[in-house]
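Please read the structure below before turning to the comments.
Count residues from 1 along the sequence.
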Amino acid sequence: MTHSAQSTAYDVVKKYHHAWTGGDVETAMGYVADDVTCRAPGMDIDGKDAYRKFITGFAPALTGIGDIAEFTDGDRVALFYYPQTAATSTTPAAELFTVEGGRISESVLIFDRLSYGPPEQD
């Protein structure tokens, strides 16, 4: 996938986010650098293959996505959203992306891991 030199960091992040939250992880990975790093609760993810595995593990659980807010600062974009699953629809997530050379090079992901566990049984 090629990206125009005219693409802003915001454009790259929004296309990536729309793709993976829509279940198209392969398209999303076209917006990610080979040497991407992701800092997430309880883990550090290095490299595109590990990042793909991480996203692929969660994307099928999504039942919807609720957007909260977006902020941009040059090559950095922050998204706040509700990843909706069978376990929760109100637990927020925040992600700060850094875009270099038209690709996401870094992600800092913040969410409450416990909220995404299996729903409690009655």
Side-chain angles (χ1 to χ4, degrees):
M1 175 171 298
T2 59
H3 303 287
S4 162
Q6 304 294 344
S7 291
T8 66
Y10 177 78
D11 294 335
V12 170
V13 168
K14 286 301 285 188
K15 288 175 184 175
Y16 157 82
H17 188 71
H18 180 74
W20 91 258
T21 60
D24 188 353
V25 174
E26 285 311 306
T27 294
M29 290 300 107
Y31 296 99
V32 174
D34 290 340
D35 60 348
V36 66
T37 59
C38 177
R39 306 300 171 233
M43 68 183 75
D44 288 342
I45 302 162
D46 294 305
K48 192 173 190 173
D49 290 338
Y51 191 66
R52 177 186 286 110
K53 183 176 179 182
F54 175 68
I55 296 298
T56 301
F58 184 72
L62 284 178
T63 59
I65 194 85
D67 293 329
I68 302 172
E70 306 166 340
F71 300 95
T72 63
D73 180 19
D75 64 352
R76 296 174 0 141
V77 178
L79 301 181
F80 297 83
Y81 53 97
Y82 295 109
Q84 300 163 349
T85 68
T88 183
S89 63
T90 60
T91 301
E95 201 160 3
L96 175 63
F97 298 93
T98 302
V99 177
E100 297 175 337
R103 301 265 193 271
I104 295 168
S105 61
E106 183 179 12
S107 167
V108 178
L109 175 61
I110 302 166
F111 65 94
D112 176 12
R113 288 189 328 181
L114 297 177
S115 294
Y116 292 97
E120 289 186 26
Q121 303 298 316
D122 292 331

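- In this structure, T63 contributes its side chain and A86 its backbone to no donor-acceptor pair below 3.5 Å.
- The hydrophobic clustering, which links ILVMFWY residues whose side-chain heavy atoms are closer than 4.5 Å, places V99 and L109 together.
- Counting non-hydrogen atoms of other residues, nucleotides and ligands closer than 6.0 Å to CZ of R76 gives a total of 12 or fewer.
- Note: F97 CZ to D75 CG = 13.5 Å, rounded to the nearest 0.5 Å.
- Of the possible polar contacts, one joining the K48 side chain to the M29 backbone as a donor-acceptor pair under 3.5 Å is found.
- No hydrogens or angles considered: a donor-acceptor pair under 3.5 Å links the side chains of Y81 and E95.
- Criterion: ILVMFWY side-chain heavy atoms under 4.5 Å apart, direct or through other members. Under it, I55 and I110 are not part of a common hydrophobic cluster.
- Side-chain contact between W20 and L62 is present, with heavy atoms from C-beta onward closer than 4.5 Å.
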* **side-chain contact (heavy atoms from CB on, under 4.5 Å) evaluation trace for S105 with V36** => CA-CA 4 Å; S105 61; V36 66; 5.7 Å; no
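- The closest donor-acceptor contact from the side chain of D24 to the backbone of T27 lies under 3.5 Å.
- For the pair I45 and Y51, the tightest heavy-atom approach, listed with the atom from each and the gap, is CG2-N, 3.5 Å.
- Residues P83 and T91 fail the side-chain proximity criterion, which asks for heavy atoms closer than 4.5 Å.
- The distance from the CD atom of E106 to the CG atom of L96 is 7.5 Å, given to the nearest 0.5 Å.
- Between V13 and L79 the shortest side-chain heavy-atom distance falls below 4.5 Å.
- Here E70 pairs with K14 in a salt bridge; the nearest charged N to carboxylate O distance falls below 4.0 Å.
- The cluster map of Ile, Leu, Val, Met, Phe, Trp and Tyr, joined by side-chain heavy atoms under 4.5 Å apart, puts Y16 and F54 in the same cluster.
- Clustering ILVMFWY residues whenever any of their side-chain heavy atoms sit less than 4.5 angstrom apart, transitively, puts I104 in the very cluster that holds I65.
- Taking all atoms of both residues into account, the shortest heavy-atom contact from T21 to H18 is OG1-O, 3.5 Å.
- Between R39 and D46, at least one side-chain N (NZ, or NE/NH1/NH2) sits under 4.0 Å from a carboxylate O, which counts as a salt bridge.
- Following chains of ILVMFWY side-chain contacts shorter than 4.5 Å, one can reach M43 starting from V25, so the two form part of one hydrophobic cluster.
- Counting heavy atoms from C-beta outward, P92 and F111 have side chains that stay 4.5 Å or more apart.
- Here the closest non-hydrogen pair linking A19 and A28 is CB-N, 3.6 Å.
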